[in-house]
Amino acid sequence: MQAPMIGGVRVRKGDGETVRLRRGSSLTDLAEKIGVEPASLVQVLFNLGEMVTATQSVTDETLEVLGAELNYNIQVVSPEDEDRELLESFDVDFGEDLGGEEDLAPRPPVVTVMGHVDHGKTKLLDALRHSNVVAGEAGGITQAIGAYQVETEVDDQPRAITFIDTPGHEAFTAMRARGAKSTDIAVLVVAADDGVMPQTIEALNHAKAADVPVVVAVNKVDKPAADPTKVRGQLMEFGLVPEEYGGDTMFVDVSAITHVGLDNLLEAIVLTADAALDLRANPDMPAQGVAIEAHLDKGRGPVATVLIHRGTLHVGDSIVAGSAHGRVRALINDLGENVDEAPPSMPVQVLGLTSVPGAGDNFLVVDDDRTARQIADKRAARMRAAQQAKSSRRKTLDELFEQMTRGETSELLLILKGDGAGSVEALEDALSKIDVGDEVSLRVIDRGVGAITETNVSLAAASKAVIIGFNVRPTPHAAQMADRENVDIRYYSVIYDAIDEIEAALKGMLKPIYEERSMGTAEIREIFRSSKVGNIAGCMVLHGTIRRNASARLVRDGVVVTQTTISSLRREKDDATEVREGFECGMTIGNYQDIKIGDLIETFEMVEKPRS
């Protein structure tokens, strides 16, 4: 029995069975699962109005549409499920087998410090750690996640607390979201003189999304304009009711400068942890946790700051963190000291990885280096496929026919980075007003404030965009990456220079306009026959100049008979390059013999017309 026709293609239909595919799969992957030729799936999709190659990563929606057409239930496996299945295939259990109740031991709470920029988060941690963190920060703004452990006493019992300092500036929202997901308790720092600000609300939303208890530190109470009561009133509007008002949120008045209330803040954190959370972990199992930050150090290679969730990490362990793997060469605590092991809730820097993991990647200890490498390689392949599916721009047949109808449209893609939101907005507005016609268009695919980063460069490389830096420069890594990827970065400090250059670039993308310029006209007065070259036209040049190899048209009774070129040109017995008005000449025209006395030969050239 032959397979049924689907959209004009003979493909075996399914019986509604489920087919599981990883995110970013290609039509070839699906074809292998259902036992058909990839080319037939390409044809089915083409008939459905979408152009996709057999090896191209396909979006989830396209896979589901194709599955519905072929009567298969396509299940796209989420990255989390895929990772769990990958680990299970290596007999690794991430986060499931924690041991029995007797194996669990108390662990310190992990606390994320959040809040608006310049409300004193890092100064507060600085005071708690008795070290100067702020002095080393660019512009006094935290631009990475730092993790520190602080010792305190509650009810005469020594207690450790792990702090994660997340950036407060609005440009680092994603980082702050990562910080909230790695934490047990969120400390919301609000300046008593400033009150609740936009990033304060944003930070609170991250904490709520992570479903963690919140302790509010009302900072800068030493300032004359401080009004802690006002802060309490403002936060009550967002659902944080202080304990003294009958709620369940602890508010502590502190000052990072005078160290007022610091002990009370630590006590509030410990009490909140004891009351709301059961913080225990198995310290004897292989270590698992999360990489909260990672960078490439010139002298030490890839360095990852990891937070241990459960188990104990030892020097010499084989680990895999995201798509990076390696053997732990050294562990460095937050004081810069080398340690041999890191128990649960302890933040340490790990040396020995082969590459830099992504911030937020899970890490775990495995049996040997070979297993670590295999898991990392499979994760890297999966991430590449998912990224390709995400970045591939689908082109439907409707879009293709539309482009063919109006002629191919060129597009200049830009990424704007500036020193301030206002200047970026002004630049984008000015560039959007540049008009050079419908043939080319300008599109800003990303904009932002601050230095040009590697993320900007990778986006530009993937989309073939130009980066415009307005009063900003790239980071050293971004500059190296731009050279490597051949990404064009333009720097400006005057907005008009940027507008003029972009307008010139757009005009350069326009297809040239040519106009015809008449060169000369000759009349055929006599025709000579030659066995070697065919018919030779004996002509008189009526006006202008006739040049050899020039474009020409043969005109008879006002009608163009043919368009051709001047093949040969002679003046008397000599070859000539050109013959001017008033002189006689002999010529042959390319591949055309049907000439008559009285015909006119007009020569012309196509000249590019400058655009206004």
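Small disclaimer: the values here were computed from a predicted structure and weren't measured.
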Leu364 and its side chain to side chain contact (heavy atoms under 4.5 Å, CB included) partner, picked from Ile319, Val320, Ile375: Val320

I need the [X] [atom1] to [Y] [atom2] distance, nearest 0.5 Å.
{"X": "Gln288", "Y": "Asn362", "atom1": "CD", "atom2": "CG", "result": "8.5 Å"}
{"X": "Glu501", "Y": "Arg490", "atom1": "CD", "atom2": "CZ", "result": "5.5 Å"}
{"X": "Leu331", "Y": "Leu313", "atom1": "CG", "atom2": "CG", "result": "5.0 Å"}
{"X": "Thr162", "Y": "Asp184", "atom1": "OG1", "atom2": "CG", "result": "9.0 Å"}
{"X": "Asn456", "Y": "Ile445", "atom1": "CG", "atom2": "CD1", "result": "9.5 Å"}
{"X": "Ile499", "Y": "Ile468", "atom1": "CD1", "atom2": "CD1", "result": "11.0 Å"}

Could you give me the CA-CA distance, side-chain angles and deciding distance for Thr455 and Asp446, then say whether side-chain contact (heavy atoms from CB on, under 4.5 Å) is met? CA-CA 11 Å; Thr455 308; Asp446 192 21; over 6 Å; no

When you measure from the side chain of [X] to the backbone of [Y], do you find a donor-acceptor pair of N or O atoms at a distance under 3.5 Å?
{"X": "Lys417", "Y": "Gly469", "answer": "no"}
{"X": "Asp500", "Y": "Asp497", "answer": "no"}
{"X": "Thr354", "Y": "His325", "answer": "yes"}

Locate the shortest heavy-atom distance separating [X] from [Y]; write the atom from each residue and the value.
{"X": "Gly326", "Y": "Leu353", "answer": "N-CD2, 4.0 Å"}
{"X": "Ala482", "Y": "Ile489", "answer": "CB-CD1, 3.6 Å"}
{"X": "Val487", "Y": "Ala465", "answer": "CG1-O, 4.4 Å"}
{"X": "Phe163", "Y": "Val113", "answer": "CD2-CG2, 3.7 Å"}
{"X": "Ala376", "Y": "Ser323", "answer": "CB-O, 3.6 Å"}
{"X": "Ser355", "Y": "Pro302", "answer": "O-CB, 3.5 Å"}

Might you work through the side-chain contact (heavy atoms from CB on, under 4.5 Å) test for Leu414 and Val466, ending with a clear yes or no? CA-CA 5 Å; Leu414 296 179; Val466 176; 4.0 Å; yes

Would you check if [X] and [Y] make a side-chain contact, meaning some heavy-atom pair closer than 4.5 Å?
{"X": "Val36", "Y": "Leu70", "result": "no"}
{"X": "Ile467", "Y": "Asp488", "result": "no"}
{"X": "Ile452", "Y": "Ile415", "result": "no"}
{"X": "Phe238", "Y": "Val196", "result": "yes"}
{"X": "Val290", "Y": "His309", "result": "yes"}
{"X": "Ile308", "Y": "Phe363", "result": "yes"}

Using distance alone, with no hydrogens and no angle criterion, decide if Asp368 and Ser318 have a side-chain donor and acceptor under 3.5 Å apart.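 Absent: no donor and acceptor within the cut-off.
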
If you count the non-hydrogen atoms of other residues, nucleotides and ligands that lie under 6.0 Å from CD in Glu37, is the total more than 12?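 No, not enclosed.
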
Should Val303 and Ile332 be marked as a side-chain contact (heavy atoms from CB on, under 4.5 Å) after you check the CA-CA gap, both sets of side-chain angles, and the distance that decides it? CA-CA 10 Å; Val303 178; Ile332 303 168; over 6 Å; no

Quick one: do Val187 and Thr112 satisfy side-chain contact (heavy atoms from CB on, under 4.5 Å)? Show the steps, please. CA-CA 6 Å; Val187 171; Thr112 298; over 6 Å; no

